[in-house]
Amino acid sequence: MNITGLDVETTEFGGNITSRNAKMEGLALAYSKDLTEYHTDPSKWIIPEYIVAHHAKFDLLKLKQTGLNLPIKFEDTLIAAHLIDENDGHGLKHLARKYLGVQPKNYKEVDRTDVEAFSEYAKTDAKYTYLLWTKFQKELKSQDLNRVYELEKKIIPVFHDMEDYGMMVDLQSLEELGKYVSEQRLEKQRKVWELAGEEIFIDSTKVLKEFLYDRLKFRCKKLTKKGNLSTDNEALLALNHPLANAILDYREFTKMENSFTNKLPLHLDENNRIHTDYNPLGTVTGRCSSRSPNLQQTSSHSELGKKLRSCFVAPEGKKLIVADFSMQELRVLAHYSNDPLLLNSFKRGDDLHETTAKLIFNRSKISKEERFISKLINFGVIYGISPDGLHKRLQGEKVKISIYDCINFINRYFNTYKKVKDFLDTVSTAVRSRGYVRSITGRRRHLTGETKRELRQAANFTIQGTSADITKISLLNLHKELPKDAHLIGVVHDEVIIECSEEMAESVKTLTIEIMENNDFDLRVPMKVDIKVVDNWSEK
DNA sequence: GACACTGGCGCG
DNA sequence: AAAGCGCGCCAGTGTC
């Protein structure tokens, strides 16, 4: 089958026009480097059987939305570019310069009202895509990236359907919450002003900094990354002063108002559904990012966060099925390290944080605080935590433990789970000798491993990247195997959300567990899914 | 008015 | 010099 370069031109973005509702205006095709065409006449929009696009998620969506036939088979130079070099830019123009040695015109340099010039521009994009593919195809194969490439291709329709179906918001509840939040914000503001003795502009870090550290002479314990005096959560907490606490209170409500209660309504469609735009390759680790809105940062921990999530609902007669992998990354760590104690804890179905606490505190009965510290260390290992980091985290959680104890605990962790240390060493050696590390699907991250930071990133990539792979495979399988009227409507890294009718909820629940707990990766640990059938996203 | 940067903070 | 990993979005601020 011959491949054809394809590029869909749409209305320009801006204002209310997003990639989701931009309309198709033209179709550029490149059958070879010399034979290209561009059509603005919809009757000429005939889609070849086998195409390559740069960002197929977008182009295929437009074809679908326009009601055109989809190609039988497709390739994507954007995915390929991401996988071949995750650090480099991925724009078509950039890639054309880099791999084809040409000097493409930028979109901004082209006059859209000049029909001939714009047609030429569109055709050139299709041609570059066509030419890039011949290069990338070889690279994917020689660099052993085909498995992850196929995964990333296959997942595109999953995101199409998920984004298209969207997630329902109870607008009335959201508005009520918004009212409460804005009232509370004013109340918290009043409190701050009262304690400050004047009406300072709390939203400005500049003003705040001058007031706290110049006027009131508080001693700032933390600097920003640019070396300025910080007024963030940690810095204010350290002041241990009613005014600082009041400012933190105030911030919780401004954050909620600015980021959520005021913003989410702007993203609702006519049916009060939200259509997040996922970028399946939005991160260097293989995780998805999400935007407009970023559903993945919707508050959840605080009381206010729970109230917010309760506004995400199932429509009348339907249910949400919320399924998350229990300790996904820690299970991946157990798999890679092959540590017998970690593996056994998971195989027995024990509470890992408790297991860790018993082992590092060396007793059979452990306190809540000991479990909490162990939990922090368990998760911290994935990020390459230091005693200092652990200490700060614990301080932030109001746990009073000395830095020496932190050193001690971390040492005991590694003395207990000896093979975890071996795993970290193996990753370090590998990244230094090869210049990259791979996740379980073969996804790569290029790092030299010359700094401590890069070694942490290498270890974290192995775990986070593999976890992302596991979630993506699950999405693929769910999309394939769920009944037709059960719909994936959201994914938050290790959590998936499904909407289906009340009647089928129990069977979909069973099926979802089955699908998510089984994959073809031959892991040494069982994956476990926590799942609930609920009416809203916050319900237990 | 558009754009970039900074500090800050939400999530896993 | 020291830094725990990965993101996107907000308001305020500074600049052209």
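Reminder, nothing fancy here: chain letters follow the sequence lines and each chain counts from 1.
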Original post:
Within the structure shown, what part of the strands sits under 4.0 Å from A/Ser290 by heavy-atom distance: base, sugar-phosphate, or nothing?
Top reply: sugar-phosphate
Subject >> Euclidean distance, atom CD of residue A/Gln328 to atom C1' of B/dC11 [Å, nearest integer] >> reply: 15 Å
**OP:** Write down the distance between CG (A/Leu281) and P (C/dG6), rounded to a whole number of angstrom.
**Re:** 16 Å
**OP:** Answer with base, sugar-phosphate or nothing: what part of the nucleic acid does A/Asp324 contact at a heavy-atom distance below 4.0 Å?
**Re:** nothing
**OP:** For the side chain of A/Ile385, starting at C-beta, report the closest nucleotide among C/dG4, B/dG10, C/dG12.
**Re:** C/dG4
**OP:** Report yes if a side-chain nitrogen or oxygen of A/Ser259 is closer than 4.0 Å to either non-bridging phosphate oxygen (OP1 or OP2) of B/dC9; otherwise report no.
**Re:** no
**OP:** Tell me what A/Ser467 touches on the nucleic acid: a base, only sugar-phosphate, or nothing, going by heavy atoms under 4.0 Å.
**Re:** nothing
**OP:** Answer with base, sugar-phosphate or nothing: what part of the nucleic acid does A/Ser230 contact at a heavy-atom distance below 4.0 Å?
**Re:** sugar-phosphate
Subject >> Ion pair A/Lys532/A/Asp530, N-O distance below 4.0 Å >> reply: no
Original post:
Tell me, what's DNA chain C's dot-bracket, Watson-Crick or G-U with both distances under 3.5 Å, | for other-strand, [ ] crossing?
Top reply: ....||||||||||||
**OP:** Ignoring hydrogens and angles, answer whether the base of C/dG4 and the side-chain atoms of A/Arg393 contain a donor-acceptor pair closer than 3.5 Å.
**Re:** yes
Subject >> ring-ring contact (aromatic ring centres under 6.0 Å, His included) involving A/His487 - partner list, sequence neighbours excluded >> reply: A/Tyr165
Subject >> Salt bridge A/Glu234-A/Lys221, side-chain N to carboxylate O under 4.0 Å >> reply: no
Original post:
side chain to side chain donor-acceptor pair (under 3.5 Å) with A/Thr355: which residues, sequence neighbours excluded?
Top reply: A/Ser345
**OP:** Pick base, sugar-phosphate or nothing for A/Arg287, based on heavy-atom distances below 4.0 Å to the nucleic acid.
**Re:** base
**OP:** Before accepting this row, confirm whether a basic side-chain N of the pair A/Glu257/A/Lys188 lies closer than 4.0 Å to the acidic partner's carboxylate O.
**Re:** no
Original post:
Reckon A/Arg251 touches a base, only the sugar-phosphate, or nothing at all at heavy-atom distances under 4.0 Å?
Top reply: sugar-phosphate
Original post:
Just to confirm, is there a sub-4.0 Å distance from OP1 or OP2 of C/dG6 to any side-chain nitrogen or oxygen of A/Arg453?
Top reply: yes
Original post:
Between B/dG7, C/dG6, C/dA11, which one does the side chain of A/Asn258 approach most closely?
Top reply: C/dA11
**OP:** Name the closest nucleotide to the A/Lys226 side chain, picking from B/dG12, C/dC5, B/dT6.
**Re:** B/dT6
Original post:
Would you say the side chain of A/Gln296 and the base of B/dG12 hold a donor-acceptor pair, judged only by whether the two atoms sit under 3.5 Å apart?
Top reply: no
**OP:** Inspect the contact between A/Lys375 and A/Glu397 and indicate whether a charged nitrogen and a carboxylate oxygen are less than 4.0 angstrom apart.
**Re:** no
**OP:** Please state whether the phosphate of C/dG4, meaning OP1 or OP2, lies under 4.0 angstrom from any side-chain nitrogen or oxygen of A/Ser386.
**Re:** yes
**OP:** For A/Thr276, report the nucleic acid contact type (base, sugar-phosphate, nothing); a contact means any heavy atom under 4.0 Å.
**Re:** nothing
Subject >> Listed nucleotide nearest any side-chain atom of A/Lys263, set B/dC11, C/dG8, C/dA11 >> reply: C/dA11
Original post:
Between the side chains of A/Arg444 and A/Gln143, does any donor sit under 3.5 Å from an acceptor?
Top reply: yes
Original post:
In terms of side-chain heavy atoms of A/Asn233, which of B/dG8, B/dC9, C/dA3 is nearest?
Top reply: B/dC9
**OP:** Name the nucleic acid region contacted by A/Lys206, choosing base, sugar-phosphate or nothing; use a 4.0 angstrom heavy-atom cut-off, strictly under.
**Re:** sugar-phosphate
**OP:** Select one nucleotide: of C/dG6, C/dG8, B/dG10, the one nearest the side-chain heavy atoms of A/Ser299.
**Re:** B/dG10
**OP:** Name the closest nucleotide to the A/Lys255 side chain, picking from C/dG4, C/dG8, C/dG6.
**Re:** C/dG8
Original post:
Hey, what do you get for CZ (A/Arg432) to CD (A/Glu454), rounding to the nearest 0.5 Å?
Top reply: 11.0 Å
**OP:** With heavy atoms under 4.0 Å as the rule, sort A/Phe461 into base, sugar-phosphate or nothing.
**Re:** nothing
Original post:
Would you call A/Lys93 and A/Glu109 a salt bridge, using N to O less than 4.0 angstrom?
Top reply: no
Original post:
Which nucleotide in the set C/dG8, B/dG8, B/dG12 lies at the smallest distance from any side-chain heavy atom of A/Thr231?
Top reply: B/dG8
**OP:** Please work out if A/Gln464 contacts a base, only the sugar-phosphate, or nothing of the nucleic acid, heavy-atom cut-off 4.0 Å.
**Re:** base
**OP:** Kindly point out which of C/dG8, C/dC5, C/dG12 is positioned nearest to the side chain of A/Gln457?
**Re:** C/dC5
**OP:** Give one of base, sugar-phosphate or nothing for A/Val381, where a contact means two heavy atoms less than 4.0 Å apart.
**Re:** nothing
Subject >> Side chain of A/Asn460 (C-beta onward), nearest among B/dG7, B/dC9, C/dG6 >> reply: C/dG6
